[in-house]
Trainee: 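Just dropping this structure here.
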Amino acid sequence: MAEDQLIIAGREFKSRLWVGTGKYKDFVETKKVIEASGADVVTVAVRRVNITDRSKENLLDYLDPKQYTILPNTAGCYTVEDALRYARLARAAGVSDLVKLEVIGDERTLFPDTEGLLKAAKILVNEGFIVLPYTNDDPVVARKLVDIGCPAVMPLAAPIGSGLGIRNPYNLKIILETVKVPVVVDAGVGTASDAALAMEYGCDAVLMNTAIAGANDPIRMAEAMKFAVEAGRLAYKAGRIPRKLYATASSPIEGML
């Protein structure tokens with residue numbers, strides 16, 4: 001699979017598993033989980049985690065910038081103005097011009113505010129950001145985000161932190177047919193089989209946090225997710241057999257005695 005690289009906006013990524021950094025007991029555990037996952041893209045909530053004040057203990061002290069791509073995200077932002085502020089803050093601090101853009105529209109479900117998302121995405125793209133938008137599983141919104149200039153889209157599988165897995169595989173498949181940019185499933189994965197299934201559908205990567213951080217053994221779950229994403233991608237590339245209603249013999253019957 002060495003030739004099967006994920007490329008977004010001209011940047012090459014080795015792993016198709018991306019991981020978040022919230023909900024761990026400390027930075028040491030966070031680092032161990034990231035290492036076990038094999039991920040090279042690590043998301044950090046600018047609003048919730050100190051990554052801008054280098055005088056204090058900082059998550060970036062535990063991550064080698066040569067080994068990992070730090071992806072700041074605007075988690076917890078409910079307005080366009082807040083999302084813009086934190087994206088700009090991360091870039092001004094020298095973290096990255098990449099941004100995982102979130103504009104949340106509902107406190108209970110944490111579903112995206114798609115109107116605000118489109119507005120913020122357009123502004124940030126015009127400012128030179130590489131915008132990776134967290135969106136719902138709406139193919140129309142996905143297409144509009146790509147038209148704005150987003151080099152990838154990140155549709156949810158289910159509500160953030162719910163662990164429900166992919167609730168609407170049909171919308172996800174339509175998105176895969178609609179847009180010609182990488183599709184990263186973001187939010188809702190609960191266990192390894194969910195990640196494998198997303199990759200088998202043809203998604204380009206999976207981003208998760210709670211599914212690993214909330215597991216009884218986060219380090220083992222991180223390793224399980226690593227293998228699940230790899231297996232799902234291999235299965236997709238290999239091409240599954242068609243589904244049939246009736247049996248087909250595994251061995252030929254010609255020449256039987």
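We're numbering straight along the sequence, starting at 1.
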Trainee: Before you tell me yes or no, could you show the steps for R88 and E127 under salt bridge (charged side-chain N to carboxylate O under 4.0 Å, His left out), namely the whole-Å CA-CA distance, both residues' side-chain angles and the distance that decides it to 0.1 Å?
Mentor: CA-CA 9 Å; R88 291 163 177 162; E127 292 182 5; 2.6 Å; yes
Trainee: Ion pair present between K100 and E102, side-chain N to carboxylate O less than 4.0 angstrom?
Mentor: yes
Trainee: Check the hydrophobic clustering (I, L, V, M, F, W, Y; side-chain heavy atoms under 4.5 Å; chains of links allowed) and say if Y236 and L172 are grouped together.
Mentor: no
Trainee: Are more than 12 heavy atoms, taken from residues, nucleotides or ligands other than Y62, located less than 6.0 Å from that residue's OH atom?
Mentor: yes
Trainee: Of all the heavy-atom pairs spanning V33 and A222, show the shortest one and how long it is.
Mentor: O-CB, 3.5 Å
Trainee: Does a side-chain N-to-carboxylate-O contact under 4.0 Å join D204 and K180?
Mentor: no
Trainee: Evaluate the side chain to side chain contact (heavy atoms under 4.5 Å, CB included) criterion for residues E12 and L6: first the C-alpha distance (whole Å), next the side-chain angles of each, then the deciding distance (0.1 Å), finally the verdict.
Mentor: CA-CA 6 Å; E12 188 175 288; L6 172 61; over 6 Å; no
Trainee: Sub-3.5 Å donor-acceptor pair from the side chain of T79 to the main-chain atoms of D82, do we have one?
Mentor: yes
Trainee: In this structure, are over 12 heavy atoms from other groups packed under 6.0 Å from E115 atom CD?
Mentor: no
Trainee: Do the side chains of E200 and R233 get close enough for a salt bridge, i.e. N-O under 4.0 angstrom?
Mentor: no
Trainee: Check this for me: does any side-chain nitrogen of one of D147 and K144 sit under 4.0 Å from a carboxylate oxygen of the other?
Mentor: no
Trainee: Can any side-chain N or O of N209 pair as donor or acceptor with the backbone N or O of G22 at less than 3.5 Å?
Mentor: yes
Trainee: Write down the atom of Y134, the atom of L117, and the distance for their closest heavy-atom approach.
Mentor: O-CD2, 3.3 Å
Trainee: Same cluster for L132 and I70 if Ile/Leu/Val/Met/Phe/Trp/Tyr side chains link at under 4.5 Å?
Mentor: no
Trainee: Looking at every heavy atom in both A142 and I175, which two are closest together, and how far apart are they?
Mentor: CB-CG2, 4.1 Å
Trainee: Apply the side-chain contact (heavy atoms from CB on, under 4.5 Å) test between T69 and each candidate in L63, V41, T43; give the one that qualifies.
Mentor: V41
Trainee: Within the structure provided, determine whether N73 and V99 are in side-chain contact (heavy-atom separation under 4.5 Å).
Mentor: no
Trainee: Please name the pair of heavy atoms, one in V19 and one in A39, separated by the smallest distance, quoted to 0.1 Å.
Mentor: CG2-CB, 3.8 Å
Trainee: Side chains of D194 and T191: is there a donor and an acceptor less than 3.5 Å apart?
Mentor: no
Trainee: Checking S162 side chain against A158 main chain: does a donor-acceptor pair fall under 3.5 Å?
Mentor: no
Trainee: Heavy-atom distance under 4.5 Å between the side chains of Y86 and P72, does that happen here?
Mentor: no
Trainee: Is it the case that one hydrophobic cluster holds both V184 and L156, taking links as side-chain heavy atoms less than 4.5 Å apart, direct or via other members?
Mentor: no
Trainee: Taking it one step at a time, do K32 and D217 satisfy salt bridge (charged side-chain N to carboxylate O under 4.0 Å, His left out)?
Mentor: CA-CA 12 Å; K32 289 180 179 179; D217 187 332; over 6 Å; no
Trainee: With sequence neighbours left out, what residues match F13 under ring-ring contact (aromatic ring centres under 6.0 Å, His included)?
Mentor: W18
Trainee: Testing the basics here: between L84 and A120, what is the closest heavy-atom pair and its distance to 0.1 Å?
Mentor: CD2-O, 3.9 Å
Trainee: Can we say R167 and D137 salt-bridge, meaning some charged N sits less than 4.0 Å from an Asp/Glu carboxylate O?
Mentor: no
Trainee: Quick check: closest heavy atoms across P151 and I130, and the distance to 0.1 Å?
Mentor: CG-CG2, 3.6 Å
